[in-house]
Amino acid sequence: MLPSNTPTYELYFPSLKQLDLWTISEKILKQILCPPHHHSPLHDLNNLTLGDIEGLATMPEDVFKSLASLQSLSIENCRNLVSLSTCLTHLTSLEFLCIENCPLLDLSIEEAMRFEVPGNLSTFTVFGLDKLTSLPLWLQHFSGTLKSIDIWGCPNFTTIPEWIGDLIALNRLKIYDSPMLTSFPEGMRSLAALQMLIVKRCSSGLKQRCQKEVGEDWPKIAHIPRVCI
């Protein structure tokens with residue numbers, strides 16, 4: 001038994017580096033990550049996975065304010081999640097973001113997200129986001145650090161925005177199972193660092209537009225060393 005005068009923060013594993021939370025309620029999530037009377041219980045946490053959080057509709061902003069060391073965040077199977085709110089603006093060390101099987105999540109809602117400090121995001125991966133129609137606007141904030149974008153199983157993904165050309169560090173773009181994507185923007189020409197473009201199980205129209213030498217979109221991607229469509 002702990003003595004009655006034991007400080008509360010000693011119960012919260014301040015040196016913890018990795019934490020996976022699955023099949024819990026939103027209330028318990030908040031109690032673990034942002035307990036009462038303690039502003040930063042997991043200040044050294046590097047890797048966090050949230051899976052199947054019951055009833056979670058909006059990512060609770062306060063939960064992430066103290067996770068200044070977080071480098072990797074995975075959000076999986078949160079089937080009621082509709083918004084990230086502005087949680088990403090607090091994760092100044094975040095390098096890897098993966099979101100899977102959140103069919104109600106609309107990342108375009110966060111287009112007004114405002115970042116006050118430079119970000120470090122290098123990898124953005126999404127899988128099974130039914131509402132994803134284009135790249136979220138806030139990815140532009142990471143134009144100097146974002147190196148990899150993977151989009152898997154997003155059936156309504158239709159548009160790569162012109163501003164993708166601003167992502168000067170991007171060296172890998174992979175898109176799987178997005179048959180609504182039918183063309184590439186002119187901004188693809190500006191991706192001088194892009195080494196790999198892979199698009200699988202796409203529309204026949206996109207394949208035709210990207211035929212080597214003769215396709216309408218070929219000049220936009222001809223500079224990329226590895227192209228597989």
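Count residues from 1 along the sequence. Only this structure's heavy atoms are used, side chains among them; waters, hydrogens and symmetry mates stay out.
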Short question: side chain of [X], backbone of [Y] - any donor-acceptor pair under 3.5 Å?
X    : Y    : result
K220 : F184 : yes
S203 : L206 : yes
S25  : I28  : yes
T182 : G205 : no
S83  : T58  : no
S178 : I175 : no

Which heavy atom of [X] sits nearest to which heavy atom of [Y], and what is that distance?
X    : Y    : value
N80  : G55  : ND2-N, 4.0 Å
M59  : C87  : CG-SG, 3.8 Å
E76  : S74  : OE2-CB, 3.8 Å
P219 : G215 : CD-O, 3.5 Å
E162 : G187 : OE1-N, 2.9 Å
A193 : I168 : CB-O, 3.4 Å

For atom [atom1] of [X], decide whether the heavy atoms of other residues, nucleotides or ligands shown that lie under 6.0 angstrom number more than 12.
X    : atom1 : answer
R201 : CZ    : yes
Q208 : CD    : no
K131 : NZ    : no
R189 : CZ    : yes

Check for me, please, whether [X] and [Y] land in the same ILVMFWY cluster - side-chain distances under 4.5 Å, paths through other members count.
X    : Y    : result
F127 : I53  : no
W152 : F157 : no
L70  : L19  : yes
W218 : L191 : yes

Among [options], find the residue that satisfies the side chain to side chain contact (heavy atoms under 4.5 Å, CB included) test when tested with [X].
X    : options                : value
L132 : L105, I151, N156, D106 : I151
Q18  : N46, N47, L48          : N47
S148 : L173, L121, T125, T123 : T123

Positive for ring pair (Phe, Tyr, Trp, His ring centres under 6.0 Å) with H141, one of F124, W163, F115: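 Answer to the ring pair (Phe, Tyr, Trp, His ring centres under 6.0 Å) test with H141 among F124, W163, F115: F115.
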Flag side-chain contact, heavy atom, 4.5 Å: C228 against V199: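 No. Closest side-chain heavy atoms not under 4.5 Å.
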Heavy-atom side-chain proximity of P161 to L135 below 4.5 angstrom: yes
Approximate separation, where rounding is to 0.5 Å, of I224 CD1 and N171 CG: 11.5 Å
Separation of L167 CG from M188 CE (nearest 0.5 Å):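 Result: 10.5 Å between the selected atoms.
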Carboxylate-amine/guanidinium contact D217 R209, below 4.0 Å: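 Salt bridge between D217 and R209, a charged N being under 4.0 Å from a carboxylate O: yes.
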Residues R172 and D150 bridged, charged N to O under 4.0 Å: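 A salt bridge links R172 with D150.
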L81 and I75: CA distance, side-chain angles, deciding distance, side-chain contact (heavy atoms from CB on, under 4.5 Å) verdict: CA-CA 10 Å; L81 185 66; I75 303 170; 4.0 Å; yes
Would you tabulate the side-chain donor-acceptor contacts of residues 91-102 under 3.5 Å, counting partners in other chains and residues two or more places apart, or write 'none'?
from : atom 1 : to  : atom 2 : distance (Å)
S93  : OG     : A68 : O      : 2.7
N101 : ND2    : N77 : OD1    : 3.2

side-chain contact (heavy atoms from CB on, under 4.5 Å) assessment of D44 paired with L16: CA-CA 6 Å; D44 284 342; L16 190 67; over 6 Å; no
